[in-house]
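Since the structure is predicted, the reported quantities are computational estimates derived from the model, not experimental observations.
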Amino acid sequence: MSAPAQTADLVILGGGSGGYAAALRGAELGLSVVLIEKDKVGGTCLHRGCIPTKALLHAAEVADSAREGEQFGVKTSLAGIDMAGVNDYKGGVTAKLYKGLQGLIKSRKITYVEGEGKLVSPTAVAVGDTTYEGKHVLLATGSYARSLPGIELNGSTIITSDQALELERVPSSVIILGGGVIGCEFASVWKSFGADVTIIEGLPHLVPLEDESSSKLLERAYRRRKIEFSLGSRVSKVSTTENGVSVELENGKSFEAEIVLVAVGRGPVSQGLGYEEAGLTMERGFVMVDEYMQTNVPTISAVGDLVPTLQLAHVGFGEGILVAERLAGLPVVPIDYAGVPRVTYSEPEVASVGLTEAQAKERFGEVEVVNYDLGGNGKSQILKTSGAVKLVRAKDGPVVGVHMVGSRVGELVAEAQLIYNWEALPDEVASLVHPHPTQSESLGEAHMALAGKPLHSHS
């Protein structure tokens, strides 16, 4: 006999970035909230994505610093990579954040349910024999690491990012299928750890969603780092060999390595969860929503990787907060997805906000562009990094795109998002005095150049 239904203002299926953000904000606004998660609160980002990968990237940066200390006059050497130690460090960061998040959920008096939920009506989610009835249901079931047709993942030599995060050794050689954010970040880590790395990307450039100039700068940096890559040809066959894995491309080239990482993006987790039965409009597995994250069923909203918006944790946070505030009766503004910062945490980093030059030309017709080389930035020279800040401006209008490549430029994109989202004119940013010597000066200098008064750059 099933248990009587438990009721709440908001029932959330999925405790990742979008789900838990909605739970925390909803509870803060006085809604009674049930949060259902089959694994661990925090989802992909905390346990299998943003946090553990960035911990690996920091360990990789430490390895590079040890290996290259001589160029700074410091006699260091890299004795080796202790993957058990790296994994302990990575796990410790995740565990501390997980514990803190559990505390937040508890302190906001959110009913947390650990179990596999299924949508059973437009207002109810069932977990086992218990039904949770809500005035509103929020779907936030996230995503999984996709593969390509014909490629059999075996978890040992043909793997996804999930298994890559748990490797207990540094592979001697790796082929990475996919030159997007995930592929480029793992390529950076493994190269720093001493592996031979080859990236296969079917499109003409690495990080193909970025401005083409950023892609070219990253490619130049990867060539310097001896990270190999093959662009513009797709994979035709992946097969295991005696010593590892063989990859054949449609152009006839073939590659061999110990491990193949399939990093071709993430697909929505929506199969068998009752979404179609509830009458939701779906496309390619995604739940379709309007600009307020509302589905075609009035009592159901959806957020995060389950919907076809940018697959970023901070987008999930923003969407979850928007839904909670809308349900609590607050006025809400739709998210401008172009105004969301994007960062690839490789070495060098790639960071951007706003439109690419091509997108800006399509929207505005005539645009103005400035490239500021980090060679003119004192702090970048101290760090021995190279790269650039590129600004795209609508003709005689605001800055509509900021694109940066270089070590640590991800830390500059917060200011860049204010410039884009507040529709700043180059003169307005040029009049702000940036601290010296910092990399943030490069943003100021780029705007000075675009305003027609360059300082440490050629006009």
Side-chain angles (χ1 to χ4, degrees), residues 205-221 224 335-344 348-459:
H205 288 291
L206 296 180
V207 287
L209 298 181
E210 295 292 342
D211 191 90
E212 191 175 318
S213 65
S214 294
S215 295
K216 287 178 175 176
L217 284 171
L218 182 65
E219 288 159 15
R220 186 188 304 168
R224 279 199 303 267
I335 294 168
D336 173 8
Y337 291 98
V340 172
R342 308 170 291 270
V343 186
T344 303
E349 291 183 351
V350 180
S352 64
V353 67
L355 308 178
T356 65
E357 183 179 349
Q359 290 166 339
K361 281 178 176 172
E362 203 174 296
R363 186 178 298 186
F364 299 107
E366 206 175 338
V367 299
E368 298 169 62
V369 173
V370 152
N371 281 284
Y372 174 76
D373 194 305
L374 292 186
N377 176 255
K379 186 61 182 284
S380 295
Q381 292 314 298
I382 290 166
L383 294 172
K384 286 189 177 285
T385 188
S386 59
V389 173
K390 175 178 177 175
L391 304 179
V392 182
R393 176 195 194 186
K395 181 71 174 169
D396 299 324
V399 174
V400 296
V402 181
H403 306 276
M404 301 178 284
V405 177
S407 297
R408 306 185 186 182
V409 294
E411 300 299 331
L412 307 184
V413 82
E415 181 183 353
Q417 79 159 329
L418 297 180
I419 291 164
Y420 170 85
N421 284 292
W422 289 349
E423 300 179 348
L425 297 168
D427 277 323
E428 293 170 331
V429 184
S431 67
L432 302 174
V433 179
H434 288 75
H436 176 78
T438 64
Q439 285 187 293
S440 70
E441 279 181 288
S442 59
L443 265 176
E445 294 259 4
H447 284 84
M448 289 171 77
L450 192 52
K453 47 181 182 182
L455 185 60
H456 298 101
S457 62
H458 297 285
S459 173

If you measure from [atom1] on [X] to [atom2] on [Y], what distance do you get to the nearest 0.5 Å?
X: S407; Y: K384; atom1: OG; atom2: NZ; result: 12.0 Å
X: F364; Y: D396; atom1: CZ; atom2: CG; result: 12.5 Å
X: Y420; Y: D336; atom1: OH; atom2: CG; result: 4.0 Å
X: L412; Y: T438; atom1: CG; atom2: OG1; result: 8.0 Å
X: N377; Y: H434; atom1: CG; atom2: NE2; result: 11.0 Å
X: H205; Y: S213; atom1: NE2; atom2: OG; result: 10.0 Å

Test side chain to side chain contact (heavy atoms under 4.5 Å, CB included) applied to V399 and V429, L425, L450, the passing residue
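For V399, the side chain to side chain contact (heavy atoms under 4.5 Å, CB included) check succeeds only for L450.
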Could you report the tightest heavy-atom contact between [X] and [Y], atom names first, then the distance?
X: V409; Y: V350; result: CG2-N, 4.5 Å
X: E445; Y: S457; result: OE1-N, 4.5 Å
X: A388; Y: L217; result: CB-CD1, 3.8 Å
X: E428; Y: A424; result: OE1-CA, 3.4 Å
X: A221; Y: P348; result: CB-CD, 3.3 Å
X: L218; Y: V405; result: N-CG1, 4.5 Å

Taking K395's backbone N and O only, do any of them form a donor-acceptor pair with E366's side chain (distance below 3.5 Å, no angle check)?
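Here the side-chain-to-backbone pair does not exist.
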Donor-acceptor check, side chain of H403 to backbone of G354, threshold 3.5 angstrom: yes or no?
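Absent.
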4.5 Å side-chain heavy-atom contact, [X] and [Y]:
X: E212; Y: E357; value: no
X: I419; Y: H447; value: yes
X: D211; Y: S352; value: no
X: V392; Y: T356; value: no
X: P426; Y: R393; value: yes
X: Q439; Y: E411; value: no
X: T385; Y: R408; value: no
X: V340; Y: Q417; value: no

Under 3.5 Å, is there a donor on one side chain and an acceptor on the other for [X] and [Y]?
X: R224; Y: S386; result: yes
X: S215; Y: E210; result: no
X: H456; Y: E441; result: no

Under the criterion side-chain contact (heavy atoms from CB on, under 4.5 Å), I'd like the reasoning laid out for L391 against V389: C-alpha separation, chi angles, the key distance, then a yes or no.
CA-CA 7 Å; L391 304 179; V389 173; 4.1 Å; yes
Residue Q381 excluded, over 12 heavy atoms near CD under 6.0 Å
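Correct, the count exceeds 12.
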